[in-house]
Amino acid sequence: MPNFIDIARITVKSGAGGNGVVSFHREKYVAAGGPDGGDGGRGGDVIIRVDRHMSTLMDFRYKRKYVAENGADGQGKRCSGRDGQPLVIKVPLGTVVRDAETREIICDMSGDEPFVLCRGGNGGWGNKHFATPTRQVPRFAKAGLPGQERSVLLELKLLADVGLVGFPNVGKSTLLSVVSKAQPKIANYHFTTLYPNLGVVYVEEGVSFVLADIPGIIEGASEGAGLGHDFLRHVDRCRLLIHVVDVSGSEGRDPVADFEAINEELKQYSPELASRPMLVAGNKVDIAEDRTLVETLKAHVEAKGMPFFELSAAAHLGTRELMLAAAGKLRELPPVTVYEPTYVQRPPQVDTSEPLTITHEDDVWIVEGPWLQKTMANVNFGDYESRNWFDRMLRESGLFDRLEEMGIQDGDTVSLYNLEFEYQK
């Protein structure tokens, strides 16, 4: 995995609805066949779906815009246009989709259920819809509504039960390779691990969990220093943390100071994350020159009420006991965090100063215009508050005043794309 990409910004747009058509039935020996214009097809949706074979957002590094197919126009003989094909965007498990501007959560792709990110525009009505006893030859149809467009931020937060945290070169990757079948890069220098690694730990029959090795965190990580800031998000979901500390003294470091420094970085990044249950592992005990460092850290950790384990990952010493303790702790903890949506759809900003085109056909007043078309694509007419907002927009635009100036009468029909209503003063 040479390029681990865990955050990407993309623009998505659903398909526009096809246009309705003006057509009249023509058949030999059939006089005055009447209007038979078909409706336009519905635009394709943009759908987000989890692909369990993906582990990074690398696919979104170069392609940033995704557009679904438009609906086809209607045809004669009451034939509706074909609906646009939905566009399915595949993301790794654990991807959080946010609004790019407000950073609010739109959805958390932590399951296999697909999510419709943008709905396609409705197709326009053909002239068959506008035939009435008094209007038997409607020579107009409706254009399809445009699709929705939005910019979103994809943020990958690994779905791991347990996260390994600690300074660089303390043995996290070695521990992961010993207790699972993962094969992270291991070497005796800092920042060997440049991206998170996952491994499945099989404890016993029917008992397993996912363990994540997070790249080494250093002091100042919560403010952007080192690699830790980029990857701290991957421990957000972890139910349990294993804090690996080098107790060998081989680099002249103080284990207690290292332990407190990492905890402070976790707290600065997220107080909620810092409060997660934690097991502390004193690693490299087999090469410890002085047992004083081990005993000092053990006393410090146990005084805080945290379990302490001595181990040597390289020598496979104490790793089994640590994994058993982790599995036992996980039985008591709630499942992996799934983020609830916080995004609230806001009414679009509408410039009602743009002129509307009004034409009069029999007793129907046909109103069209770019801002009206765009606005209707974002209104939920099944919602009372949305309808009230739309009515307010029409009144503020001066539409009703203009209709009265043109001579509209009570009971006349006002047609706004795929919406019709009787006018009442």
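Relative ring orientation between Trp125 and Phe130 is described as tilted, the plane-to-plane angle lying within the 30° to 60° band.
Side-chain atoms of Arg237 and Asp108, non-hydrogen and from C-beta on, do get closer than 4.5 Å to each other. In this structure, the side chains of Arg276 and Glu272 come closer than 4.5 Å at one or more pairs of heavy atoms.
Here Arg239 pairs with Asp161 in a salt bridge; the nearest charged N to carboxylate O distance falls below 4.0 Å. Using a 4.0 Å cut-off between a side-chain N of Lys or Arg and a carboxylate O of Asp or Glu, Arg291 and Glu310 qualify as a salt bridge. Using a 4.0 Å cut-off between charged side-chain N and carboxylate O, Asp258 and Arg253 make a salt bridge.
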Please test Asp246 against Lys284 for salt bridge (Lys or Arg N to Asp or Glu O under 4.0 Å), starting from the C-alpha separation and ending with a verdict. CA-CA 6 Å; Asp246 182 357; Lys284 305 184 183 181; 3.7 Å; yes
Test side-chain hydrogen bond (donor to acceptor under 3.5 Å, both in side chains) applied to Ser80 and Asp39, step by step: CA-CA 5 Å; Ser80 296; Asp39 302 338; 4.6 Å; no
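A side-chain donor-acceptor contact under 3.5 Å links Ser397 to the backbone of Leu394. The backbone N or O of Arg119 sits less than 3.5 Å from a side-chain atom of Ser14, completing a donor-acceptor pair. Proximity of a side-chain donor or acceptor of Lys172 to a complementary backbone N or O of Phe167 within less than 3.5 Å is detected.
We find the CD-CD distance between Glu260 and Glu265 to be 12.0 Å, quoted to the nearest 0.5 Å. Note that OG1 of Thr292 and CG of Leu297 are 12.5 Å apart. Values are rounded to the nearest 0.5 Å.
By the 6.0 Å contact criterion, OH on Tyr384 is open, its count of non-hydrogen atoms from other residues, nucleotides or ligands being 12 or less.
Ser415 and Lys142 share a side-chain donor-acceptor pair at under 3.5 Å.
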